[in-house]
Amino acid sequence: MDKLFDNLMSFVQEGEIEASITEAKRAVEEDGIDAVEYLQSVLAPVMNNLGDQFSRMEIFLPDLMVAAEAADGIRDELMQYIEVASDAQKGKVVIGTISGDNHDIGKKMVATLLGVNGYEILDLGTDVDPMAFVNAVKRDKVDVVAMSSLLSTSMPFVSETIQYLVAMGLRDQVKVVVGGGPVNPEWAEEIGADGYGHDAKQAVDLLDRLLA
Ligand code: B12
């Protein structure tokens, strides 16, 4: 995986979006790497590494935007190799990135992996208003509300969503799970969520456990 990480990292750092996508495709087709494994073990670490570089001010926002475009392109390209479960019977999940937050790379990865593992996914996108999650519980009878928050400034809206669910008598009908950079298990417990997932794989394990 180290070689694949280095390959992808160098293309992304050079801002070579097309070459990044071609490299991901090559890894799957020629090296025989499983597409989901590539997303989890190559693309995610590359993005996280770039995040660290951004924090140290070694790279800047335009670099991140190019990286995000490459990540989106790679995910779209690799979808053709990923078998989404046609009998999505494990449960229905509404997922979204909370109000004020437009980060969606990780959220899409979680949605993809849950879909692959037999969950029906209703993806509300990014910058999702708390009431939109509440409405999905009311209207669409979802089993799980999954909220992603990458910005500390948006975290209060995650908590607000749970408070609305409680106030409207809907909290007992659904499981609520949370994830994203600044989120941790202690905070998840504090705001009354049912669980926290550190990555997309953990999200699947968490839902399997909660809905068992
Ligand atoms: C890419 C990126 C961007 C891209 C986003 C593109 C896109 N379409 O998503 C762009 C360039 C647009 C961007 C913009 C901004 N960003 Co930004 N960004 C990042 C970066 C580098 C990577 C995020 C990412 O995609 N990681 C890879 C994915 C795979 O990981 P992930 O998102 O964490 O998701 C995994 C897990 O967290 C988990 N997970 C995620 N969601 C969920 C949900 C559930 C339910 C579960 C169970 C699990 C789960 O599973 C995922 C898959 O494994 C992070 C740094 C970092 N290390 O996180 C900063 C970061 C999140 N950004 C940051 C900031 C400040 C911003 C801006 C405000 C910058 C600015 N000054 O304008 C804007 C905000 C715009 C907005 N309103 O949202 C800060 C946030 C700080 C904070 N704690 O509040 C970070 C941490 C950078 C930093 N160190 O300062 N950003």
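In terms of the salt bridge (Lys or Arg N to Asp or Glu O under 4.0 Å) criterion, E160 has no residue partners (sequence neighbours excluded). Remark: K3 engages N7 in a side chain to side chain donor-acceptor pair (under 3.5 Å) (not counting sequence neighbours). Applying the salt bridge (Lys or Arg N to Asp or Glu O under 4.0 Å) test to E37 and every residue at least two apart in sequence or in another chain returns nothing. For the salt bridge (Lys or Arg N to Asp or Glu O under 4.0 Å) test, no residue two or more places apart in sequence or in another chain qualifies with D143. E29 is linked by a side chain to side chain donor-acceptor pair (under 3.5 Å) to Y81, counting only residues two or more places apart in sequence or in another chain. When the salt bridge (Lys or Arg N to Asp or Glu O under 4.0 Å) test is applied to R209, no partner is found at least two apart in sequence or on another chain. With sequence neighbours left out, D6 forms a side chain to side chain donor-acceptor pair (under 3.5 Å) with no residue at all. Taking the side-chain contact (heavy atoms from CB on, under 4.5 Å) definition, one finds that N102 meets it with T126, D127, sequence neighbours left out. The side-chain contact (heavy atoms from CB on, under 4.5 Å) test applied to P156 returns no partner, not counting sequence neighbours. Looking at residues two or more places apart in sequence or on another chain, you find a side-chain contact (heavy atoms from CB on, under 4.5 Å) between F5 and M9, P45, V46, N49.
When every heavy atom of L4 is checked against every heavy atom of A27, the shortest pair comes out as CD2-CB, 3.8 Å. Minimum interatomic distance between F11 and A19 (heavy atoms only, all atoms of both residues): CD2-CB, 3.5 Å. For the residue pair V145 and V137, the shortest heavy atom distance occurs at CG2-CG2, 3.5 Å. Nearest heavy-atom pair across A136 and L122 is CB-CD2, 4.3 Å. Taking every heavy atom of both residues into account, A24 and I74 meet most closely at CB-CG2, 3.7 Å. The two residues Y196 and A188 make their nearest non-hydrogen contact at CB-CB, 3.9 Å.
Sorted by first then second residue, the salt bridge (charged side-chain N to carboxylate O under 4.0 Å, His left out) pairs that include residues 54-72, not counting sequence neighbours, are R56-E58, D72-K108. Residue pairs meeting the salt bridge (charged side-chain N to carboxylate O under 4.0 Å, His left out) criterion with at least one partner in residues 175-197, sequence neighbours excluded, are R171-D194.
M147 and I121 fall into different hydrophobic clusters, where Ile, Leu, Val, Met, Phe, Trp and Tyr side chains are chained together by heavy-atom contacts under 4.5 Å. A continuous path of ILVMFWY side-chain contacts below 4.5 Å connects I105 to F54, so both sit in one hydrophobic cluster. At a threshold of 4.5 Å between side-chain heavy atoms, the hydrophobic network of Ile, Leu, Val, Met, Phe, Trp and Tyr places V142 and V144 in two separate groups. No continuous path of hydrophobic side-chain contacts links V128 to L151 [ILVMFWY only; heavy atoms under 4.5 Å]. Each of L170 and V93 belongs to its own hydrophobic cluster when Ile, Leu, Val, Met, Phe, Trp and Tyr are linked at side-chain heavy-atom distances under 4.5 angstrom.
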task = May I have the step-by-step check of side-chain contact (heavy atoms from CB on, under 4.5 Å) for V166 and Q163, ending in yes or no?
result = CA-CA 5 Å; V166 172; Q163 287 165 23; 5.6 Å; no

query = Do V158 and W187 pass the side-chain contact (heavy atoms from CB on, under 4.5 Å) test, and can you show the C-alpha distance, the side-chain angles, and the key distance before you say yes or no?
reply = CA-CA 11 Å; V158 174; W187 181 75; 3.7 Å; yes

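Shown are T97, T112, D123; of these, the side chain to side chain donor-acceptor pair (under 3.5 Å) with K107 is made only by D123.
Looking only at side-chain heavy atoms (C-beta outward), M47 and L8 stay at 4.5 Å or farther from each other. At least one side-chain heavy atom of Q13 sits under 4.5 Å from a side-chain heavy atom of L50. Under the 4.5 Å side-chain criterion, counting only non-hydrogen atoms from C-beta, V204 is not in contact with K201. Looking at heavy atoms from C-beta onward, E23 lies out of side-chain contact with E16 at the 4.5 angstrom threshold. For the pair L113 and M109, the minimum side-chain heavy-atom distance is 4.5 Å or more. Within the 4.5 Å cutoff, the side chain of D140 has no heavy atoms near those of the V94 side chain. In this structure the side chain of N117 never reaches within 4.5 angstrom of the side chain of L207, judged on heavy atoms. Side-chain contact between L39 and I82: present, with at least one pair of heavy atoms (C-beta onward) separated by less than 4.5 Å.
Looking only at atom types and distance, the side chain of D208 has a donor-acceptor partner in the side chain of Y119 under 3.5 Å away. No side-chain donor from either of S10 and E14 sits under 3.5 Å from a side-chain acceptor of the other.
The 12-atom threshold is exceeded at CG of D52, counting heavy atoms of other residues, nucleotides or ligands nearer than 6.0 Å. No more than 12 heavy atoms of other residues, nucleotides or ligands shown are found within 6.0 angstrom of CE on M65.
A distance of 13.5 Å separates NE2 of H198 from CG of L206, quoted to the nearest 0.5 Å.
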